[in-house]
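See structure below.
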Amino acid sequence: MKITIHRGNQIGGCITEIVSSKGTRIFVDLGHNLPKGDQESEDEYASEKAIADLIGDAKAIFYTHMHGDHVELFQYVPDGINQYIGPLALKIMRAKYDHMSHADELKENSLKCLKKLGPFKTYWKGRPISIDDITVTPFQVSHSSADSYMLKIKCDGKTILHTGDFRGHGYMGEGIYKVIDKYHIAGQVDVLITEGTNVDNNGKSMRPESVLKEEFKGVFQQYKNTFIICSSTDADRLESIYSANKESVQRPFIVDTYQKEIIGLIAQQAEEGRRLYHFGPYKIYGYDPKVEKMDYMMRRHGFVMLIRRSEKFQSYLDKILPFCKAEETCLVYSQYQGYIDKKKGGTAFNQDLYDFVDQFRKKGFTIKEDLHTSGHASKQDLVRLCEQVNPKVIVPIHKDEKADFASILPQELQRRVCEYEYSKDEVDIYFDPPQRYHASCWCEAMGATAKGYVSIR
């Protein structure tokens, strides 16, 4: 069995290739590189020729979730190759591109993407899918993208566990550990491929979503009018905001037609017997600037309104903000802080989004930027996962180039971390491009070569 980790030493742009001894080739994720601030992201694989050259004779592609840095290159995949994703994720992707197709400048590419999504196949949690001599079984995990999964992959008598992106502090955060116990995965994994986004983020907020929900209640009780910038596809955050409003002040919940459709799709997919994500019709309104009764309702009763940076929402704000009193109004920015942190000047900083938020500050409205929690696993959860799974080899991906994943683990597990070429027990692991040699080099316990990678024979 051959495993190739493409672009593993960066956050985003995730691609994992698996080839059996009989030549069956599958991929896990075809992610586009993340953008740098408000610039368009560059990606050497963002073309039909590049993807065709990369995937070759692949039989199938499995996507762990619908974030662009894991799925966006789907549009370049040649026809005839099966592509799999979760059922809710597929519905949301189709809704997204359908919505985008109404914008003239996005219409051509959106229609192309909708066509590509047409033959997509869906997988279901706990149900194995056989691709010749490779079997893939998905299990749902908690992440800041609705309908996210980890994949257990059986190949050549070996077991790979690919976590995708996950976290332990979401509403379903304990699910990943329960699945490992329920399906007796612990101790049976040869290769664990896991994300490491937060390895170097010592100050990253890891508050549980349930805590955020209580904090949102406090905001809604303090302010008559609350605008919120958050992801339209983060089911947990939508649950926190919607439930906090319903259980406290019960103000009109205002969204646009796209957000209302996404909320409806999430509610349709909500499991019976589980309290989460059952967004009812209770006071959810799609904003229409032509309906004066809506503006009257908002002026009289206040509101909780989800907004995004766009020309459409700016036109909404131009109509709404004049009747909002500064002392009664709050903007909650509930996304990654780096997008609007001008002082740090990081690569993620987005000037347009910063200006969009800053207009509220200039009008004297309260700005809250701390009602957010990471969509990725904390260091404690990464350690817990590795200890519970107890794999033979640990391959960290989706992490900063300088992040030292092995350093967070107990000594016995440190020896199992593989970030360089590896070959043992008929398992070959390669990195494209090759990983750089870390100063701490925990892999020395495995025998480092002069080329700066580890080779076990």
Side-chain angles (χ1 to χ4, degrees), residues 2-19 24-35 41 43-48 50-56 58-78 81-90 92-93 96 113 116-117 120-123 125 129 131 134-153 155 160-167 176 191-197 233 375-377 395-400 429-433:
K2 176 183 175 182
I3 302 171
T4 303
I5 306 297
H6 298 275
R7 309 194 295 201
N9 220 10
Q10 64 180 51
I11 295 176
C14 297
I15 304 173
T16 299
E17 177 182 357
I18 300 168
V19 185
T24 304
R25 184 190 308 272
I26 69 168
F27 281 79
V28 176
D29 291 338
L30 284 180
H32 200 291
N33 284 337
L34 289 170
S41 57
D43 196 312
E44 68 273 24
Y45 289 131
S47 71
E48 293 178 357
I51 287 296
D53 290 344
L54 172 69
I55 66 178
K59 293 293 182 68
I61 301 162
F62 291 83
Y63 298 102
T64 58
H65 63 285
M66 61 184 164
H67 278 162
D69 62 322
H70 291 257
V71 73
E72 195 170 329
L73 296 178
F74 79 91
Q75 59 189 291
Y76 304 109
V77 173
I81 296 177
N82 289 328
Q83 301 190 72
Y84 293 84
I85 198 168
L88 174 58
L90 181 56
I92 292 177
M93 287 177 69
K96 167 189 169 183
C113 289
K116 282 288 186 181
L117 288 171
F120 255 59
K121 298 179 180 294
T122 54
Y123 52 63
K125 64 178 184 179
I129 297 173
I131 308 294
I134 298 178
T135 301
V136 180
T137 307
F139 298 102
Q140 201 160 15
V141 297
S142 175
H143 180 45
S144 54
S145 173
D147 210 29
S148 296
Y149 295 82
M150 70 174 175
L151 305 175
K152 185 180 78 170
I153 303 166
C155 177
I160 303 167
L161 188 65
H162 191 301
T163 68
D165 289 352
F166 78 100
R167 61 178 182 171
I176 190 170
V191 181
L192 172 65
I193 301 174
T194 181
E195 70 135 301
T197 312
T233 60
H376 298 272
V395 181
I397 64 172
H398 201 282
K399 66 178 185 64
D400 187 82
I429 302 175
Y430 300 90
F431 296 85
D432 180 26

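We're numbering straight along the sequence, starting at 1.
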Looking at [atom1] of [X] and [atom2] of [Y], how far apart are the two atoms once the value is rounded to the nearest 0.5 Å?
X: Q83; Y: T122; atom1: CD; atom2: OG1; answer: 13.0 Å
X: L161; Y: F139; atom1: CG; atom2: CZ; answer: 8.5 Å
X: D165; Y: M150; atom1: CG; atom2: CE; answer: 13.5 Å
X: L54; Y: Y76; atom1: CG; atom2: OH; answer: 13.5 Å

Check: What orientation do H6 and Y45 show, parallel under 30°, tilted 30 to 60°, or perpendicular over 60°?
Finding: perpendicular
Over all heavy atoms of both residues, which pair between [X] and [Y] is shortest? Give the atoms and the distance, please.
X: I193; Y: I160; value: CD1-CG2, 3.8 Å
X: G375; Y: S144; value: CA-OG, 3.6 Å
X: A146; Y: A89; value: O-CB, 4.5 Å
X: L73; Y: G31; value: CD1-O, 3.4 Å
X: Y84; Y: A60; value: CE1-CB, 4.0 Å
X: I18; Y: C155; value: CG2-SG, 4.5 Å

Notebook entry, point to check: Is the H70-H398 ring centre distance short of 6.0 angstrom?
Noted result: yes
Check: Mind checking whether Y149 and F62 have ring centres under 6.0 Å apart?
Finding: no
Check: In terms of side-chain geometry, is the basic nitrogen of D147 or K125 positioned less than 4.0 Å from the acidic oxygen of its partner?
Finding: no
Taking the side chain from [X] and the backbone from [Y], do they hold a donor-acceptor pair closer than 3.5 Å?
X: R7; Y: C14; result: no
X: H67; Y: D69; result: no
X: E48; Y: A50; result: no
X: S41; Y: N33; result: yes

Margin query: Among H376, R167, K399, H143, exactly one meets side chain to side chain donor-acceptor pair (under 3.5 Å) together with E195. Which residue is that?
Written below: H376
Next item on the list: Indicate whether the side chain of T64 and that of D29 have a donor and an acceptor atom separated by less than 3.5 Å.
Entry: yes
Check: Honestly, is K2 close enough over Y430, meaning NZ or CZ under 6.0 Å from the six-membered ring centre and within 45° of the axis?
Finding: yes
Notebook entry, point to check: Under the salt bridge (charged side-chain N to carboxylate O under 4.0 Å, His left out) criterion, do E17 and R25 qualify, and how do the steps go?
Noted result: CA-CA 7 Å; E17 177 182 357; R25 184 190 308 272; 2.2 Å; yes
Checklist line | From CA spacing to verdict: side-chain contact (heavy atoms from CB on, under 4.5 Å), T137, I129 | finding: CA-CA 6 Å; T137 307; I129 297 173; over 6 Å; no
Does any part of the side chain of [Y], heavy atoms only, come nearer than 4.5 Å to the side chain of [X], both counted from C-beta?
X: N82; Y: I131; result: no
X: I81; Y: I55; result: yes
X: T16; Y: H162; result: yes
X: M93; Y: V71; result: yes
X: V136; Y: I26; result: yes
X: S148; Y: M66; result: no
X: T194; Y: F166; result: yes
X: V395; Y: I5; result: yes

Check: Would I15 and F27 satisfy side-chain contact (heavy atoms from CB on, under 4.5 Å), going step by step from the backbone distance to the final call?
Finding: CA-CA 7 Å; I15 304 173; F27 281 79; 3.7 Å; yes
Next item on the list: Go through T197 and D400 one step at a time and tell me if the side-chain contact (heavy atoms from CB on, under 4.5 Å) criterion holds.
Entry: CA-CA 7 Å; T197 312; D400 187 82; over 6 Å; no
